[in-house]
Trainee: 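Dropping a structure here in structure tokens format, bear with me for questions.
All chains are named by letter (A, B, ...) in the order of the sequence lines, taking the proteins before the strands, and each is independently numbered beginning at 1. What you see is a predicted model; the values in this text were computed from it and never measured.
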Protein chains: 2
Amino acid sequence: MQTLRSPTPREALTALSEALEADALVTIYGQCRVAYEGRASSELGTGDRLVVLKPDGAALVHTDEGRTPVNWQPPGSDHAASVRDDALRVRSTRASPDERLDVTFDEVYQLTAMQPTDESDRSLVGSEADLREAVLAEPTLVADWFEPTATERETSAGPVDVFGRDGAGRPVVVELKRRRVGPDAVGQLRRYVDAVEREGGVDREDAVEREGGAGPAPLPVRGVLVAPSVTNRAAALLDEHGFDHAALDPGVVADRRS
Amino acid sequence: MQTLRSPTPREALTALSEALEADALVTIYGQCRVAYEGRASSELGTGDRLVVLKPDGAALVHTDEGRTPVNWQPPGSDHAASVRDDALRVRSTRASPDERLDVTFDEVYQLTAMQPTDESDRSLVGSEADLREAVLAEPTLVADWFEPTATERETSAGPVDVFGRDGAGRPVVVELKRRRVGPDAVGQLRRYVDAVEREGGVDREDAVEREGGAGPAPLPVRGVLVAPSVTNRAAALLDEHGFDHAALDPGVVADRRS
DNA sequence: TGCTGGATCTCGCCA
DNA sequence: TGGCGAGGTCCAGCA
């Protein structure tokens, strides 16, 4: 690890160039201006910021506020350093989409180059995938009549989270959400239900069996939204479309299963 | 600004406590383990990471990869430092939702406390708001028959981006998107069109005028999706609902207007 | 505070 | 590479 305190632009350039070459993780704290041009374009006047350059090509410009960087460049970008008008300039570019981030330092207070080693993977519990596992292990969590037959079942509108039947053999589309949902989730469920309805709501094997017979008699398709809770607008939409809601919290489910 | 190189846990604690007290922006680079518990829960084993603590309560844990921190805490959280088992521990908590982030350092390589001053605001061009301005200034960009009458017009499904009439007096709902859109945007447009249709598609003044007359004869409502481009699935949905698509790129529009 | 939708969303998966 | 949807999304604006 190398750290420079208040380096001259030339000193900073030398250290930064070496660090980028060596695939180091670099932080630069200093007074700077920032310009971005690409998917949108932005300008940021003079101020003190923390700039992080990662060996995978990510670049972050952080002020003293907010979880989100005020400016950034995604991984895969190329970092380059130079001195212009006696000022250190860091430029990060990428193609597709074509975008460019320029950070010009009036003054560099500190520059650090690190070589972190990190073999560890993060394990996360409480995702939608965990919710799906819980539902498959205990389908009555959705409804006492629910019998799942497939996950990620393909439709013309995209894959359905969990697909199955009710006691009367009607197709059931289940959409899973790990948190309280708004109208968008109901719209999503609606698209899947519509698609299954259009396609006759039969599994592929059923379709083959029926092929020689009469045209498909479209079955009514049930839609169930599984989520801890829903907003008023979402509840109204669910009602409007005749969909069901199963109140399931991934955290509670995880506790019960453990 | 203060920087400690390879401090002992006690030295790090002292410096960190002072820095947090002084509302400093703090970076800690070291070998650590991370645990999160709240909306979900996660574990992260030993590795070298860069931790950023902001005076507004934001906390970021960055590895050498990715734009997104591997763990974090949003602004508004409370940071606290302590020494446990001869190791520096940083805990960031917040209520509502109740969540906690713990970072335990096996070793601190460097700790820096900064006092950044940043008065500058970022200006950004190319947002959906810019697209709206362009459409209002030149409605024929949407269609030669389009006459806007309101923005953010309220409906039971939420506010419509731009509302207006076509040449025949039919209500028009316009949904703006700054980039290529998928099925979700069509679903959104559909919800707004449905809502306006249900409500008669009249402006408030019209409704008052008509109140004494016969019941409202629901007008067919037109829907227009304004976006640079649409995916195949979205195009199919637009067609299915009889909605129009106007190809407008916010970047191109910005150039033309400048 | 909750609801709603935008974002240079990011990220992973899959065709 | 593009399409698609999840995310501890974050975030602003508004009721």
Trainee: Looking only at side-chain atoms of B/P183, point me to the closest of D/dC4, C/dG5, C/dT8.
Mentor: D/dC4
Trainee: Any side-chain N or O of A/R94 less than 4.0 Å from the OP1 or OP2 oxygen of C/dT8?
Mentor: no
Trainee: Using atom P in both nucleotides, what's the gap between C/dT4 and C/dT8 to the nearest angstrom?
Mentor: 23 Å
Trainee: Measuring from the side chain of B/R39 (C-beta onward, heavy atoms only), which nucleotide among C/dC11, D/dG5, D/dG8 has the closest atom?
Mentor: D/dG8
Trainee: Examine the side chains of B/N71 and B/S42 and answer whether a donor and an acceptor come within less than 3.5 Å of each other.
Mentor: yes
Trainee: Under the side-chain hydrogen bond (donor to acceptor under 3.5 Å, both in side chains) criterion, do B/Q188 and B/K177 qualify, and how do the steps go?
Mentor: CA-CA 11 Å; B/Q188 199 180 333; B/K177 294 294 171 191; 3.2 Å; yes
Trainee: Using a cut-off of less than 4.0 Å, is there contact between a side-chain N or O of B/T231 and OP1 or OP2 of D/dG3?
Mentor: no
Trainee: Is any side-chain N or O of B/W72 closer than 4.0 Å to OP1 or OP2 of D/dC10?
Mentor: yes
Trainee: Side-chain N or O of A/R179 versus OP1/OP2 of D/dA6: is the shortest distance under 4.0 Å?
Mentor: no
Trainee: What distance, rounded to whole Å, do you find between the two C1' atoms, one in C/dA7 and one in C/dC11?
Mentor: 14 Å
Trainee: Using the side-chain heavy atoms of B/R180, tell me which of these nucleotides is nearest: D/dT9, C/dA7, D/dG3.
Mentor: D/dG3
Trainee: Answer yes when B/D130 and B/R132 have at least one side-chain N-carboxylate O distance shorter than 4.0 Å, and no when they do not.
Mentor: no
